[in-house]
Amino acid sequence: MRIPFLALMAGALAGVLFAGTAHAASSSAAPFSSVLTKNKLYKAGKPGVRACEEPEVRTGSVEEAELYFEAVKDCLDRAWAPVVKKAGHRFTKPKFAIVTKVGAKTRCGRFPGGAQALYCQKDRSITFLLSPNIVEEPTDLALMQVLAHEYGHHVQQLTGIMKAGDRIIGGRDEDRAYAALRRLELQAQCLSGVFVGRVWDSLGRPDSDWNILAKGTHNPVALDAIGVRSGADNTHGSDKSNAFWLQRGFTSQSTGACNTWTSSNARVR
């Protein structure tokens, strides 16, 4: 998830939806720009680290949890810096902040309910919600993956992918806007899998940790059974698509596996 596009779902993206309806926008599948389909990121290869140290968490205190997440973030910095540079772009670290309650202030507005972390384009920052249940078990693998997902948005920002995607999302074609948003989110999901897969052997975790995460659901409400597409599906992709791109990144450990922009529509639903 990223801001401002979480807000767009209720605000500006709703405006896109209304504008698309008002102007009878075409939903023809025009090809995406070369910035998206042929970005040098895809040839930049594997992250620059093979090991990531996870600090031991014993008490579950806020301070201890902060140290854990900051250590993972530092590992993400070292992993993606050489990749971004190889792709021909200047690398800068994202800012990182932890909040402890929904509604806390960020540069992109209040931290929204239902989110665990967000990426804000305004100041290139990642904000992570450290809620009480998270403090109790901050080493859950899902939390590393969520942080890696938001970092994937930062990589998109640095390589021009996000800006190019934003042009489509801000357009009048509702279907194309949602399609672009899903491709952005699923690409960040794939990049998170690339990172976790690259450092997996260093984590000392059982394979069951990954298998549980990869087979999990990303939507709190399962609507597939009644044939209804949830809002999360529209913006982030279905559980099936998320699982596919997450596993694809994990297995390949390379950015070349994460070109969602040339993928068939069936893979990004």
Side-chain angles (χ1 to χ4, degrees), residues 1-13 52 54-77 79-80 93-157 162 181 184-189 191-193 195-196 203 209 212-214 216-221 230-237 239 242 246:
M1 184 182 307
R2 64 194 180 95
I3 292 293
F5 291 115
L6 180 75
L8 283 177
M9 282 187 271
L13 194 64
C52 187
E54 290 186 280
E56 186 175 4
V57 178
R58 294 180 178 178
T59 66
S61 67
V62 173
E63 292 77 15
E64 200 172 45
E66 286 179 337
L67 290 174
Y68 171 82
F69 290 119
E70 288 171 0
V72 173
K73 190 266 182 184
D74 288 343
C75 191
L76 283 158
D77 290 337
W80 289 114
K93 298 178 182 180
K95 298 176 183 177
F96 182 69
I98 291 175
V99 296
T100 56
K101 62 181 180 179
V102 171
K105 289 183 179 180
T106 76
R107 280 292 303 278
C108 285
R110 300 283 182 177
F111 195 95
Q116 193 65 64
L118 60 85
Y119 180 75
C120 178
Q121 292 172 250
K122 288 183 179 180
D123 62 351
R124 300 185 176 188
S125 66
I126 296 171
T127 303
F128 200 101
L129 176 63
L130 194 62
S131 51
N133 61 308
I134 299 304
V135 174
E136 292 172 4
E137 189 54 55
T139 57
D140 188 326
L141 182 61
L143 304 181
M144 173 184 280
Q145 185 272 319
V146 169
L147 186 56
H149 174 102
E150 301 308 326
Y151 208 104
H153 286 316
H154 185 61
V155 172
Q156 291 172 324
Q157 177 74 21
M162 189 173 288
L181 187 50
L184 278 171
E185 290 294 346
L186 291 169
Q187 183 172 61
Q189 192 77 332
L191 292 173
S192 74
F195 170 75
V196 177
L203 301 181
D209 277 9
I212 291 170
L213 178 67
T217 59
H218 74 288
N219 294 330
V221 180
S230 75
D233 283 341
N234 278 329
T235 59
H236 286 62
D239 289 332
N242 272 270
L246 186 63

Which heavy atom of [X] sits nearest to which heavy atom of [Y], and what is that distance?
X: I98; Y: L130; result: CG2-CB, 3.5 Å
X: V99; Y: F111; result: CG2-CD1, 4.0 Å
X: L129; Y: A115; result: CD2-O, 3.6 Å
X: E54; Y: L203; result: OE1-CD2, 3.6 Å
X: L246; Y: S192; result: CD1-OG, 3.5 Å
X: A188; Y: Q156; result: N-NE2, 3.9 Å

Residues forming a side-chain contact (heavy atoms from CB on, under 4.5 Å) with [X], sequence neighbours excluded:
X: E70; result: E66, L67, F96
X: A71; result: P55
X: V146; result: Q116, A117, F128

Applying the side chain to side chain donor-acceptor pair (under 3.5 Å) test to H153, which of Q187, R124, Q121, E185 qualifies?
-> E185
Going from [atom1] on [X] to [atom2] on [Y], what distance comes out if it is rounded to the nearest 0.5 angstrom?
X: F69; Y: E64; atom1: CZ; atom2: CD; value: 11.5 Å
X: T235; Y: L181; atom1: OG1; atom2: CG; value: 5.5 Å
X: L184; Y: Q189; atom1: CG; atom2: CD; value: 13.0 Å

If you draw a 6.0 Å radius around NZ in K93, do more than 12 non-hydrogen atoms from other residues or ligands fall strictly inside?
-> no
Verdict with reasoning, L76 to V72, per side-chain contact (heavy atoms from CB on, under 4.5 Å) = CA-CA 6 Å; L76 283 158; V72 173; 4.1 Å; yes
Where do H154 and W80 land on the side-chain contact (heavy atoms from CB on, under 4.5 Å) test, with the steps shown first?
-> CA-CA 10 Å; H154 185 61; W80 289 114; over 6 Å; no
Using the test side chain to side chain donor-acceptor pair (under 3.5 Å), find all partners of [X] that sit at least two apart in sequence or belong to another chain.
X: S131; value: N133
X: D209; value: R205
X: S125; value: D123

K73 and I126: side-chain contact (heavy atoms from CB on, under 4.5 Å), yes or no, with the steps?
-> CA-CA 10 Å; K73 190 266 182 184; I126 296 171; 5.6 Å; no
Give the C-alpha distance, both sets of side-chain angles, the deciding distance and a yes or no for side-chain contact (heavy atoms from CB on, under 4.5 Å) between Y151 and D77.
-> CA-CA 9 Å; Y151 208 104; D77 290 337; 2.5 Å; yes
